Amino acid sequence: MFARFTKKILSFLRIRSIAAGLEISDAAVRMAYFDGGMWRLNAIRLEPGTIDQGVIKDRQAFVGALWRLKLESGIVKDREESLNAAVALSSVRAYNKVFSLPVIRGEALDKAIALNVDMASPKDLAQVYSDWEIAGRNAGAGTVDVLASFIDRAPVDEVVEALAAAGFVAISVESKSLALTRVFREQGSDIDIAKAYLMVCVDEAGLDYLIVKNGKPYFEYETPWRNIADDKGAISIPVFRDDLVM
């Protein structure tokens, strides 16, 4: 009862405690949220060329699609209400790197990780968002595995600004690989976290191969459909099979 009362007060004050999951790709924007009884999914297809490889090309069209998605979902009552969103970027390429370090503690470990993150970054650190976490420990070898993740700042900032223009508050932004790994780790059936798995995601963007170990993405390889399609945009079964085998 207290929770329902609090929710009503927050809604009256236009402070929304609930959050939706938002996926943004070149082809569509999708939103999933829990309405208190069941999960709901809404999607809006984007006009071709609105987003290209994660880069917004038509901001007006993109913001308009976000507005429609939010209002048609029914989760908010009018345009003035903002909505918290955990955002997964399906078309913005992220770079994940796992490196091993000797087991050291305290400030020495932090300095060693910072140095390795700097060296592993595909670009100057000022041009990317980066973060890291402990991915695993090998007591026998006396080492610790560190997962570092990098993503270009420019497309992320553009997406967050467009979301704000449509009344979304991005409470988190992550790559598709991290989002998929979390679902695999937390919702997968009979998953042994200590084992390594090959996960294959097939969607409108292409094929995404992930090696997951200790519940973390250790390696990722992507094959966009345009890379294996012929001049007419068609993909034959043998070509599709060959990519899977490779």
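Residue numbers run from 1 in the order of the sequence given. Any value given below was found using the heavy atoms of this structure, including those in side chains, with hydrogens, waters and symmetry copies removed. Not measured: the values here are computed from a predicted model.
Y95 and A120 get closest at one heavy-atom pair: CE2-O, 3.3 Å. Across all non-hydrogen atoms, the minimal contact from F168 to K70 is CZ-CB, 3.6 Å. Scanning all heavy atoms of the two residues, the minimum distance from G49 to K57 falls at O-CB, 3.1 Å. Among all heavy-atom pairs drawn from A94 and S175, the shortest one is CB-CB, 3.4 Å. Closest approach of S130 and F150 over heavy atoms only: CB-CD2, 3.5 Å. In terms of heavy-atom proximity, W225 sits nearest to L207 at CH2-CG, 3.9 Å.
In this structure, T223 and F240 have side chains that are not in contact, with every pair of non-hydrogen atoms separated by 4.5 Å or more. Residues F99 and L101 meet the side-chain proximity criterion, which asks for heavy atoms closer than 4.5 Å. A heavy-atom distance below 4.5 Å is found between the side chains of L69 and L22. Between L147 and P217, some side-chain heavy-atom pair lies under the 4.5 Å cut-off. Between I191 and R185, every side-chain heavy-atom pair lies at or beyond the 4.5 Å cut-off. Counting heavy atoms from C-beta on, the side chains of D26 and L46 never come closer than 4.5 Å. Put simply, the side chain of Y221 does not reach to within 4.5 Å of the side chain of L210, judged on heavy atoms.
Once rounded to the nearest 0.5 Å, the distance linking CD of E174 with CG of D131 reads 11.5 Å. The distance from atom CZ of R153 to atom CG of L125, rounded to the nearest 0.5 Å, is 9.0 Å. With values rounded to the nearest 0.5 angstrom, I24 atom CD1 is found 11.5 Å from M31 atom CE. Here the CG atom belonging to D203 is positioned 8.0 Å from the OG atom belonging to S91, to the nearest 0.5 angstrom. Taken to the nearest 0.5 Å, the CG atom of L89 stands 9.0 Å off from the CD1 atom of I51. Distance check, rounded to the nearest 0.5 Å: CG of L178 to CD1 of I151 gives 8.5 Å.
Criterion: ILVMFWY side-chain heavy atoms under 4.5 Å apart, direct or through other members. Under it, V156 and W132 are not part of a common hydrophobic cluster. Note on L71: it clusters hydrophobically with V29, by side-chain heavy-atom contacts below 4.5 Å among ILVMFWY residues.
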Where do N116 and V146 land on the side chain to side chain contact (heavy atoms under 4.5 Å, CB included) test, with the steps shown first? CA-CA 9 Å; N116 279 268; V146 179; over 6 Å; no
List the steps, then state whether side chain to side chain contact (heavy atoms under 4.5 Å, CB included) holds for V98 with F219. CA-CA 8 Å; V98 176; F219 178 78; over 6 Å; no
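Atom CD of E107 has 12 or fewer neighbouring heavy atoms from other residues, nucleotides or ligands inside a 6.0 Å radius. Atom CD of E47 is surrounded by 12 or fewer heavy atoms from other residues, nucleotides or ligands within 6.0 Å. Residue-environment remark: CD (Q60) stays at or below the threshold of 12 foreign heavy atoms within 6.0 Å.
Annotation: cation-pi pair R40/Y33 absent, no NZ/CZ under 6.0 Å from the ring centroid and within 45° of its normal.
With S90 as the fixed residue, the side-chain hydrogen bond (donor to acceptor under 3.5 Å, both in side chains) test singles out one of E23, R30, K176: E23.
K216 has no carboxylate O lying under 4.0 Å from a charged side-chain N of D145, or vice versa, which leaves the two without a salt bridge.
Note on ring orientation: taking the six-membered ring where Trp is involved, the planes of W39 and F34 are tilted (angle from 30° to 60°).
Of the N and O atoms on the side chains of S177 and N96, at least one donor lies less than 3.5 Å from an acceptor on the other residue.
The main-chain N or O of A141 is found under 3.5 Å from a side-chain atom of N138 such that the two form a donor-acceptor pair.
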